[in-house]
Amino acid sequence: METKELFVPISLESIEPVIFPDVALYIKTGGNYVLYKSNGRDFSSHDHERLTKNGIEFIFVSKNDMDVITGHMEANAERLLKTDVLSSKAKGKMIFQTSINFVDDIFNNPDKSADLGRTRRLIENLMMYLSDNTDAVQSLELVMAHNYHTFVHSLQVASLTLLIHSEEYSLSHSEMLDVGTGAILHDFGKIFVPQEILNKPGRLNEYEVRVLKRHPEEGYEFLRKKNVLSPVSLAIIRLHHERCNGTGYPLGLENLDIPRSAQVTGVADVYCALTTDKNGNKTTPSHIAVQLMREEMKGCFAPHLLNTLEKLVCKEDVQQIIL
Ligand SMILES: [Fe+2]
C-alpha cells in the first residue's frame with residue numbers, strides 16, 4: 001500500500017526569494033526531511049545561492065501548506081513562464097514538479113489508493129518524455145500561462161486517461177506516451193478562448209458557448225501544423241468532446257467512429273470536471289459522478305469504459321459497502 005508523502009518537492013529554480021510564501025521549508029538528507037527555515041523567516045537570495053551552490057535541486061514543503069503554494073503558483077505562473085530570467089530547463093522543471101502535485105487529486109482517498117503510485121509513475125514517465133520535446137513543453141507552458149485551472153485540469157485528465165488505458169488495453173510504451181501527450185494537451189485550444197470566458201463563474205451565454213466549443217478544432221489545427229504530435233495525440237485533442245450517441249462536437253461522430261483514446265479522454269474529462277471545481281477542490285463524490293455519467297448522460301460513453309472508471313475511482317467506496 002502506498003503511504004502518503006507528507007512533503008512535496010518544489011524546484012529551487014522556480015522559487016523567487018522574498019516573494020515566495022512564508023511557509024516552513026525542508027531539505028532532504030539521507031532520506032530524512034530536515035527543517036531548513038521555519039515559518040516567519042524570509043527565504044532570502046542568500047539562502048537561494050547557498051542551496052544552489054550545494055547542488056540542491058528541490059526544496060520541500062509540508063503537504064498541509066500546498067494550498068498556499070498552489071495559490072502562489074497560480075498567481076505567478078504566467079509571469080514566471082514568460083520571464084527570460086528562468087532557463088527553459090527551469091520552466092520545464094517547474095511544470096514537471098507542479099504536475100506531480102496534482103495527480104493525487106483525482107482520487108477520493110489518496111491514502112488508501114494503490115493506483116496513486118501507478119498514476120504518479122505514468123505521469124512521471126510522460127513528463128520525462130515531454131521534457132525532451134521542446135514543442136510539447138512550450139505548448140504546455142502556453143496552457144499553464146493562459147489559464148492555470150485548465151493546466152491543473154489537463155494533468156488530472158491525463159492521469160486518469162493513462163490509468164484507464166493501462167487497465168483496459170495493453171498498449172506499448174510509445175503508444176502510452178502518445179495517449180498521455182494528447183490527453184495533457186487535450187484542451188490546448190483553450191489558449192484561444194478569452195480568460196473572461198474560461199473564468200466566468202456563472203453560466204455561459206450562447207455566444208460564449210460557441211467560442212468555447214471551438215477549442216478542440218482550433219487546438220487541433222494549430223498543433224497539426226507544428227508537425228510534432230502523432231495522429232493519436234492529435235485525434236484526442238480534436239475529438240475528446242465527441243459522444244457515442246452522436247451528440248458531441250465538433251463532428252458529431254458516433255461509437256466506433258470515435259477513436260478509442262479520444263473516447264477514454266472524454267470519459268476522464270467529464271469525470272474530472274464533475275468531481276473537481278475550478279479551484280481544484282473536490283466537489284461531487286466519485287460514485288455520484290459515475291452514476292450521473294451512466295444515467296443522466298446515458299448513451300454518451302461506452303459502458304465498458306464507465307465500468308473501468310468506476311473500478312478505478314470508486315474502489316474505496318465499493319470496499320466500504322462490502323465491509
Ligand atoms: Fe475540452
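Atoms within a ligand are numbered from 1 in the order they appear, just like the ligands themselves.
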For the Fe ion (ligand 1), decide whether D269 has an N, O or S atom at a distance under 2.8 Å. no
Give a yes/no verdict on a cation-pi contact between R260 and Y169, requiring under 6.0 Å between NZ or CZ and the six-membered ring centre and an angle within 45° of the axis. yes
Verify the distance criterion only: is there a donor paired with an acceptor across the side chains of E168 and H304 at less than 3.5 Å? yes
When you draw lines from the Fe ion (ligand 1) to NE2 of H215 and to NE2 of H240, what angle lies between them, to the nearest 10°? 100°
When the ring centroid of Y26 is compared with that of Y36, is the distance short of 6.0 Å? no
Least distance between heavy atoms, I184 atom then S154 atom: O-CB, 3.3 Å
Looking at the Fe ion (ligand 1), is one of the N, O or S atoms of H241 less than 2.8 Å from it? yes
If you check every N/O/S atom of D187, which is the one nearest the Fe ion (ligand 1)? OD1
